[in-house]
Amino acid sequence: MNFQLLGDLRGQLAAALGVDATTVPVLTADLCPPGMKADITLNGFHLAKALRRPPPVLAETVTALAKQHPDVADAVCVKAFINITLKPAALFRDTVGDPDAIANAARLPEAERRRIVIEFSAPNTNKPQHLGHVRNNTLGMATSGILSAAGHLVTPVNLINDRGIHICKSMLAYQRFGNGETPASSGKKGDHLVGDYYVRFDQEYRRQLADLKAARPDLAGKESDELFLETEIGRAAQDMLLAWEKADPAVRQLWATMNSWVISGFNETYARMGVRFDQVFLESQTYTLGRDIIQDGLARGVFQKRADGAVIIDLESDKLGQKVVLRGDGTSVYITQDIGTTLLKQREFSPDRQLWVVGDEQIHHFRVLFAILRRLGYAWAADCHHMAYGMVNLPSGRMKSREGTVVDADDLFDEMTTLARQAIVERSDGAPPADLEARAQAIGLGALKFMLLKVNPKTTILFDPEASVKFEGDTGPYVQYAGARIRSMLRKAGPDALAGVVDWSVLGEPAEKELALRCAGYGAAVRQAAADLDSSGLATYLLDLAKAFSHFYHDCPVLTAPTPALRRARLELSDRAHRVLSAGLQALTITPLDSM
RNA sequence: GCGUUCGUAGCUCAGUUGGAUAGAGCGCCUGGCUUCGAACCAGGAAGUCGGGGGUUCGAGUCCCUCCGGACGCACCA
């Protein structure tokens, strides 16, 4: 919040203390806690620490200075807190007087803006996306939006894992059991169709595994993974992978066809979620990239060759152990291609920072990756960051595909949209609105996304299906609803409602001040969320703002205000709240609504 | 075993980087629609901030320790 008072106080305090103006820190005000009967508060302890003065004395000095300021109605010192009540005209002038200033406050000074590449989603093309991907996609888009709102130049990219043994499993099952089925012939979305064959493979594999264990009692104690190549179908999948690597035309043909089905399915899901990328990398085109870097590093002594021919790196001094970066047969491991694509992105976009939105189970992997990049001598490795987020659990525990407890993304969207549609119809007086579908999508997805974004990304989420479909309380629709009510008022007020000069001095009700002060907190909320890579800060802010509006709306008649000047000022204040709510929701990739 | 991380109201979660009397939503109880949209508002009950030590003007927040959970420590991605 940028109050003229604070700038003035800073200079006056320096003069009063007889120090240079620059030694006094820039003053920042917080909202005064409820029940304190003031508007804003300065923390005298912080000031005292910065200036090395005793807190009570300093706080009294500041209070005395504040009392003399023309913007101040009253200032009281409690402990070392300076609680200030502003004159209404000054409060509204500095908080909501300039609509552009609110939005601009979110943007960092030019010198602090960065070019940031953010990688997220990174799906495998063997099955459709589920709730875990939804959290990833939602966080990826919201983080991109928040960073952009803070003034950074953000490049969102995707890296699709479109090759490997898991892809061959679907392909093999399709080859054997598919009977030429296609998305067109079956009416199935491409990613779901391919996913069905991934499941089909697993069924067949389990059947063969059971037969094998029955015939060979000596294998009974072995893990399923150890016996993969002992089964006929497992062997066949491995052979298919080798054929793929040798570019066998038939295998490549099938692979290309099935991948195109999956990717068009993904694109539908992304479009529905509002997910977009500036560039999409395919692992099939990048997986060999790291190899020459490894060879180069080997020559420079960064890596060592082991007796069996594998190339390794010793990261003991970083307490990360040893890591194989190239197999004995010269093929890549996962981290090899990650090294390659990281360099590719660095070359292509020249970012100041690279971010990866990837689950917290891969924290160790990224530590190793960044350590290797440092050893290779890349200074920019220090600006690589893994944005680790927690898993999504169900009341029954982890989602497990084998137990059929995976929550499918498309099904979930359908369910949320259906519930939103019902909610709209229930609440509409006459016929349902013409744009029912668009509203239902916006509300259903808004509820889902907001639920995921309002908790800190680091925390493991418990997805409670019952609670998740609610549209009341601390939800996305609550925020959308506040915006829709403002739009409704502005529509009724007519096109000239906001024309001419505003007289802010007619305002002064507690609910009006609270709303204005909340609006002015937008910039700080965005910048904090950007600095912490934490969407929940912005989501919580938007809830507080929507609550402040609801309170105001209840207490203060707008369209039926007693005087034209008051009506005008309250409409203007409502408009500010609407702008902030819309901007905030859009940063989170949630659609603001004119009507619900 | 080592590492990371978490433990706050019945449930799900906040807590602005050490500041005022620990908050919100859901659920439960009570009240408010002939008045700008009740997806709303107002009020109530509900807490040994996992336990115990320590650091200081001040600790849910920092340090130590114990208890309990999650996730890692692959030539899988």
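The chains referred to below are lettered A, B, ... by the order of the sequence lines, with proteins before strands, and numbering in each begins at 1.
Nearest nucleotide to the A:Glu472 side chain, out of B:A77, B:G3, B:C40: B:C40. Closest to the side chain of A:Asp474, out of B:G25, B:A38, B:C13, is B:G25. Side chain of A:Arg485, nearest nucleotide from B:G27, B:C71, B:C40: B:C40.
Counting atom types as modelled, A:Asp555 pairs no side-chain N or O with a base atom of B:A42 as donor and acceptor under 3.5 Å. The base of B:A20 is paired with the side chain of A:Thr41 by a donor and an acceptor separated by under 3.5 Å.
Applying the 4.0 Å criterion to OP1 and OP2 of B:A42, one finds that A:Lys547 has every side-chain N and O outside that range.
To the nearest whole angstrom, the two P atoms, one in B:A77 and one in B:G15, are 37 Å apart. B:G37 and B:C28 have their P atoms separated by 29 Å, with the value rounded to a whole Å.
Salt bridge present: A:Lys513 and A:Asp39 bring a charged side-chain N and a carboxylate O closer than 4.0 Å. Using a 4.0 Å cut-off between a side-chain N of Lys or Arg and a carboxylate O of Asp or Glu, A:Arg235 and A:Glu230 do not qualify as a salt bridge. Classification of A:Lys547 and A:Asp474 as a salt-bridged pair holds, one side-chain N sitting under 4.0 Å from a carboxylate O.
Pairing of B:C73, defined by two Watson-Crick or G-U wobble distances under 3.5 Å, is identified with B:G1. Pairing for B:C11 goes to B:G25, judged as Watson-Crick or G-U wobble with the two contacts each under 3.5 Å. In this structure, B:A39 makes no Watson-Crick or G-U wobble pair, since no nucleotide meets both defining distances under 3.5 angstrom. If you check B:U48 for Watson-Crick or wobble pairing at under 3.5 angstrom, you find it has no partner at all. Across all strands shown, B:U61 forms no Watson-Crick or G-U wobble pair with both key distances under 3.5 Å.
Of the two residues contacting RNA chain B, namely A:Lys458 and A:Asp360, the nearest-nucleotide position lying further toward the 5' end is that of A:Lys458.
Rounded to an integer number of Å, the gap from CZ of A:Phe463 to P of B:C26 is 18 Å. Rounded to an integer number of Å, the gap from CZ of A:Phe366 to P of B:G3 is 23 Å. Atom CD in A:Gln480 sits about 15 Å away from atom C1' in B:G37, given to the nearest Å. Taking atom CD1 of residue A:Ile363 and atom P of nucleotide B:C71, one finds them 13 Å apart after rounding to whole Å. The distance from atom NZ of A:Lys323 to atom C1' of B:G72 is 12 Å, rounded to the nearest whole Å.
The side-chain ring of A:Tyr553 is not stacked on the base of B:C40, judged by centre separation under 5.5 angstrom and plane angle under 30 degrees. In this structure, A:Tyr481 forms no aromatic stack with the base of B:G37, since the conditions of centre separation below 5.5 Å and plane angle below 30° are not both met. Stacking is found between A:Phe45 and the pyrimidine-like six-membered ring of the B:G19 base under the 5.5 Å centre-distance and 30° plane-angle cut-offs.
Base engagement by A:Asp308 is indicated by at least one non-hydrogen atom pair under 4.0 Å involving a base atom. Among the protein residues, A:Asn83 comes within range of the nucleic acid bases, having at least one heavy atom under 4.0 Å from a base atom. A:Ile424 comes within contact range of at least one nucleobase, with a heavy-atom separation under 4.0 Å. Within the nucleic acid shown, A:His166 has no heavy atom closer than 4.0 Å to any nucleic acid atom. Contacts of A:Ile461 with the nucleic acid, taken as non-hydrogen atoms under 4.0 Å apart, involve only primed sugar atoms and P, OP1 or OP2.
Side-chain polar atoms of A:Ser121 and A:Asn136 form no donor-acceptor pair below 3.5 angstrom.
Shown are A:Asn161, A:Asn124, A:Thr125; of these, the side-chain hydrogen bond (donor to acceptor under 3.5 Å, both in side chains) with A:Glu283 is made only by A:Asn161.
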